[in-house]
**Student:** 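Supplied in structure tokens, the structure appears directly below.
Naming convention: chains lettered A, B, ... in sequence-line order (proteins, then strands); numbering from 1 in each chain.
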Protein chains: 2
Amino acid sequence: MTLAPDPYAALCPSRQVLDRVGDRWTILIMRSLAGGPRRFTELAREIEGISQKMLTQTLRGLERDGLITRTVTPTVPVRVDYELTDLGRSLGEPIAALERWAVDHMGEVLDARDRYDGRETEIPGRQPR
Amino acid sequence: MTLAPDPYAALCPSRQVLDRVGDRWTILIMRSLAGGPRRFTELAREIEGISQKMLTQTLRGLERDGLITRTVTPTVPVRVDYELTDLGRSLGEPIAALERWAVDHMGEVLDARDRYDGRETEIPGRQPR
DNA sequence: CGGGATCCACCGCGATACTG
DNA sequence: CAGTATCGCGGTGGATCCCG
């Protein structure tokens, strides 16, 4: 920690992508934008539960990574549109693959969890019968 | 926030998968285990930078989700082997897709970042030339 | 060897208030 | 409308000690 602040950042590219994709809001925002350009308030409305701070922050990160564009129309009041870039759209494929896995296997995961949690909360001397 | 502690957990299955896959260590552990069963200390050695607490914690989570098995051999000292389940292995595919995207497009992302950061730190009156 | 328990520092994020 | 600025809390993870 004294030498390198984050030794993993430079290690694998997948780590960097996962840091983007893995956070709570990126996927939801990109899914919204997959339906076409969106204004700031539209995104805030479509993505239930997001704070305006996190929306701004995540959008900045996505723009920085070249996954979306931010277009300001200097009317009064100002209008800002966000839109996926080709790069952003290309990321949609692997994400979709992950979502397909989730949908296909979520049942098994949930079952596994039930089994695991059930085992843990058993009273040791008690027979399950 | 007063009604539901986490309204997103129940919303989409992809969210749950991403919470697993997205954290710092899951991918690294599963990649290690893709090479065959591993003991606790082997994992700790292969995955540089992980604390023993996070290794334990992440392994528990993976076991709970049915992605890995934990086998205890009651020798002295005890021996514990971790191994991917079929379910765990099946998750390898979508993850590999994501990693392929990362490798293929990391250059573009990095370029985009440089451009973005460059713009922001420009002195307004100064011409870039 | 393979953990569990505890303590603590950090900071991510929400809430709130203000602005062009 | 689309943000920025500030404050404060809670949870995450590292460090350390202990145990079967």
Side-chain angles (χ1 to χ4, degrees), chain A residues 1-9 15 18-20 22-26 28-29 32-33 37-64 68-83 116 120 124, chain B residues 1-9 15 18-29 32-33 37-64 68-83 116 120 124:
Chain A
M1 201 76 27
T2 48
L3 287 173
D6 191 350
Y8 321 111
R15 192 56 269 144
L18 284 164
D19 283 344
R20 272 253 57 81
D23 83 301
R24 172 148 259 104
W25 303 115
T26 290
L28 297 177
I29 291 177
S32 229
L33 292 178
R38 293 285 188 277
R39 302 183 57 175
F40 187 85
T41 322
E42 291 177 328
L43 287 170
R45 220 177 314 114
E46 286 187 28
I47 303 167
E48 196 180 359
I50 193 171
S51 68
Q52 150 248 53
K53 177 181 179 177
M54 286 314 296
L55 181 53
T56 301
Q57 191 171 303
T58 310
L59 286 171
R60 287 293 173 279
L62 291 170
E63 188 195 358
R64 185 171 109 99
I68 65 173
T69 57
R70 178 174 181 270
T71 311
V72 181
T73 312
T75 52
V76 181
V78 72
R79 174 197 179 98
V80 180
D81 284 282
Y82 294 93
E83 190 169 6
Y116 187 95
E120 296 311 288
Chain B
M1 205 80 12
T2 48
L3 288 172
D6 191 351
Y8 322 108
R15 195 52 272 143
L18 283 165
D19 283 343
R20 272 252 57 81
V21 168
D23 82 300
R24 171 149 260 104
W25 304 114
T26 291
I27 299 275
L28 297 178
I29 291 178
S32 229
L33 292 177
R38 292 285 188 277
R39 303 183 57 174
F40 186 85
T41 322
E42 291 177 328
L43 287 171
R45 219 177 316 113
E46 287 187 28
I47 303 166
E48 196 181 358
I50 192 169
S51 69
Q52 152 248 51
K53 177 183 179 177
M54 285 316 295
L55 180 54
T56 301
Q57 190 172 304
T58 309
L59 286 170
R60 288 292 172 279
L62 291 170
E63 188 195 359
R64 186 171 107 98
I68 66 174
T69 58
R70 177 173 181 270
T71 311
V72 181
T73 311
T75 52
V76 179
V78 74
R79 173 199 178 95
V80 181
D81 284 283
Y82 295 93
E83 191 170 4
Y116 187 94
E120 295 311 287

**Student:** Report the distance from atom CZ of Arg24(A) to atom C1' of dT12(D), rounded to the nearest whole Å.
**Tutor:** 14 Å
**Student:** May I have the distance from Leu55(A) (atom CG) to dA15(C) (atom C1'), rounded to whole angstrom?
**Tutor:**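 Taking atom C1' of dA15(C) as the reference, CG of Leu55(A) is at 16 Å.
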**Student:** Nearest-Å distance, CD1 (Ile47(A)) to C1' (dC13(C))?
**Tutor:** 16 Å
**Student:** Expressed in angstrom and rounded to an integer, what is the separation of Gln57(A) atom CD from dG14(C) atom C1'?
**Tutor:** 11 Å
**Student:** Arg39(A): which residues meet the side chain to side chain donor-acceptor pair (under 3.5 Å) condition with it, sequence neighbours left out?
**Tutor:** none
**Student:** Which one of Leu43(B), Leu55(B), Thr69(B), Leu62(B) satisfies the side-chain contact (heavy atoms from CB on, under 4.5 Å) criterion with Tyr82(B)?
**Tutor:**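 Answer after filtering Leu43(B), Leu55(B), Thr69(B), Leu62(B): Leu43(B).
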**Student:** Less than 4.5 Å apart, any side-chain heavy atom of Gln57(B) and any of Arg60(B)?
**Tutor:** no
**Student:** How many Å lie between CG on Asp23(A) and C1' on dC13(C), as a whole number?
**Tutor:** 12 Å
**Student:** CE of Met54(A) versus P of dG12(C): gap in Å, rounded?
**Tutor:**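 About 9 Å, once rounded to whole Å.
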**Student:** Give each protein N/O atom lying under 3.5 Å from an N/O atom of nucleotides 1-4 of chain D, with the pair distance.
**Tutor:**
residue	atom	partner	partner atom	Å
dC1(D)	O3'	Arg39(A)	NH2	3.2
dA2(D)	OP1	Arg39(A)	NE	3.0
dA2(D)	OP1	Arg39(A)	NH2	3.2
dA2(D)	OP2	Thr41(A)	N	3.0
dA2(D)	OP2	Thr41(A)	OG1	2.0
dG3(D)	OP1	Arg60(A)	NH2	2.9
dG3(D)	OP1	Arg70(A)	NE	3.2
dG3(D)	OP1	Arg70(A)	NH2	2.5
dG3(D)	OP1	Tyr82(A)	OH	3.4
dG3(D)	OP2	Tyr82(A)	OH	2.4
dG3(D)	N7	Gln52(A)	NE2	2.7
dG3(D)	O6	Gln52(A)	NE2	3.4
dT4(D)	O4	Gln52(A)	NE2	3.1

**Student:** Under the side-chain contact (heavy atoms from CB on, under 4.5 Å) criterion, do Arg24(B) and Asp19(A) qualify, and how do the steps go?
**Tutor:** CA-CA 8 Å; Arg24(B) 171 149 260 104; Asp19(A) 283 344; 4.0 Å; yes
**Student:** Hey, does Arg20(A) have a side-chain heavy atom less than 4.5 Å from the side chain of Thr58(A)?
**Tutor:** yes
**Student:** Do Ile68(B) and Arg70(B) make a side-chain contact, defined as non-hydrogen atoms from C-beta onward lying under 4.5 Å apart?
**Tutor:**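 Result no, sub-4.5 Å side-chain heavy-atom pair not found.
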